[in-house]
Protein chains: 2
Amino acid sequence: MREGPDIARIASLVGDPARANMLNALMGGTALTASELALEAGVSLPTASSHLGKLMEGGLLTVASQGRHRYYGLAGPQVAGMIEAITGVAEAVGPKRVRPGPRDAAMRVARVCYDHLAGEQAVAMLDRLVAKNVLVRDEQEIRLGPSAASHFAAIGIDVYTKPRRPVCRACLDWSVRRSHLAGTLGAAILDKILAEKWARREKDSRAVIFSLPGKQAFEKVFLS
Amino acid sequence: MREGPDIARIASLVGDPARANMLNALMGGTALTASELALEAGVSLPTASSHLGKLMEGGLLTVASQGRHRYYGLAGPQVAGMIEAITGVAEAVGPKRVRPGPRDAAMRVARVCYDHLAGEQAVAMLDRLVAKNVLVRDEQEIRLGPSAASHFAAIGIDVYTKPRRPVCRACLDWSVRRSHLAGTLGAAILDKILAEKWARREKDSRAVIFSLPGKQAFEKVFLS
DNA sequence: CGCATAGTTCGTTCCTCATCGAAGCGTTCT
DNA sequence: AGAACGCTTCGATGAGGAACGAACTATGCG
């Protein structure tokens, strides 16, 4: 019975399915709110809050309060590395669970990621905006390009009115494995998509379903 | 609520104190019997047997029956790497070190990590081998450099004889937070260190204690 | 054979901990 | 101010699983 760093304590934190889902969700690098994590983990808000408290006490998470939101994020790259290592073992050891359900397919195409759009559509959009030099990215950073203000003003989005959060942020897409656009700009674009009724949100799901004309309009504005 | 490799299942296996102690004991690289592991974990034999069954079912252990003994060992270096990663987080997060004893200090200098050397010595060695271009690393990958074969042949290590596992692997060191050398080459080097009696293994510990001449010999061969 | 040792299986007990509803606090919006 | 929202705390419930003693299987030794 030897003593060392309390590995069981840390592992048991990750060992609960709800907490594991939360940590997995946070592996993208973007901080998420308690509600978002509750949804992600498939548990009620009180349960999620309890889990988050434990993860905080265990030192695996950091939290930043912004207004009435609390943004939870991984405590650091070391924690992320640990989760990667566990994931590697799980993948090597466990049989692959293949079940691409119908809702799952829709989720891959487009879904809500807290307050912005994620999925193939969102990744394609960011790619296109960068290609057109409207946005400029180097590594994880995304900044507004020179033509950004006029470009977004033309479609009714003011990129300067919401100073609190970063305007642009990269958010790693779990289905595509590449970044999409977060931040207030990402949120504003999602707002527009829903306001214009180009798409609707699936009930009780993060999936976002584009109508046929809506998809065409979206592509004309953001993918042309 | 996403699906992926079942990380919670693996983590919860490590998350029980008894099982964590067992895995820790097996990090020394030597296979142990159920009775020894029961003692190590501080539980009764039936309890230990149950835990071992679960670890087996989870794919974290292998077993070899020899007569009426059953020798349990870690399933592989990937599992060892995962435990190192968890240990690193536990160490970083739990500053409540009860006793940073002498054995702990020795562990930081050099210790066994499943089948290869870890600790400051091991990290320094990998750095030096890369600096000398004997090994080439980019990111997480480590490959043999052009002079590797002759360099290791000169000290009696054949880098081509063990085709099953990767020859080189990076393994993140929990005490130094940088990579050391794993894989068959790492294992062969540890073998040599012990065979040449440059160092001995601490009883009931992962610590590796270099003798003074042994340390000099090691530095001459690997750090010069 | 009989006896000892090594491990596993079984059944029971017990306790931790995940879960959710309801209520409480703080923030933001109108 | 009042209403809506985001999140946490409290309390009760329930299930999973860790623990061990006893019984069972297998191997080794005279």
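Protein chains get the first letters and strands the later ones, always in sequence-line order, with residue 1 at the start of each.
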### Message
Could you spell out the base pairing of DNA chain C as a dot-bracket line? Use Watson-Crick and G-U wobble contacts where both distances are under 3.5 Å, [ ] for crossing pairs, | for partners on a different strand.
### Response
||||||||||||||||||||||||||||||

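The side-chain contact (heavy atoms from CB on, under 4.5 Å) search around B:Lys54 returns B:Leu13, B:Arg19, B:Ser50, not counting sequence neighbours. A:Thr62 meets the side-chain contact (heavy atoms from CB on, under 4.5 Å) test with A:Ala75; sequence neighbours excluded. Residues passing the side-chain contact (heavy atoms from CB on, under 4.5 Å) test with A:Ala199, sequence neighbours excluded: A:Ile193, A:Val208, A:Phe210. The side chain to side chain donor-acceptor pair (under 3.5 Å) check on A:Ser211 picks up nothing, with sequence neighbours excluded. In terms of the salt bridge (Lys or Arg N to Asp or Glu O under 4.0 Å) criterion, A:Arg68 has no residue partners (sequence neighbours excluded). In this structure A:Ser49 satisfies the side-chain contact (heavy atoms from CB on, under 4.5 Å) test with no other residue, sequence neighbours excluded. Every residue two or more places apart in sequence or in another chain was checked for a salt bridge (Lys or Arg N to Asp or Glu O under 4.0 Å) with B:Glu57, and none qualifies. Remark: A:Phe152 engages no residue in a ring-ring contact (aromatic ring centres under 6.0 Å, His included) (not counting sequence neighbours).
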Which side-chain N or O atoms in residues 214-224 of chain A pair as donor and acceptor under 3.5 Å with protein atoms at least two apart or in another chain?
{"from": "A:Lys215", "atom 1": "NZ", "to": "A:Glu219", "atom 2": "OE2", "distance (Å)": "3.1"}
{"from": "A:Ser224", "atom 1": "OG", "to": "A:Lys220", "atom 2": "O", "distance (Å)": "2.7"}

## Note on the structure
For nucleotides 23-30 of chain D, 5' to 3', base contacts (B), sugar-phosphate-only contacts (S) and non-contacts (-) with protein non-hydrogen atoms under 4.0 Å give ----BS--

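DNA chain D is contacted by B:Lys54 of residues 52-60 of chain B, taking any non-hydrogen atom closer than 4.0 Å.
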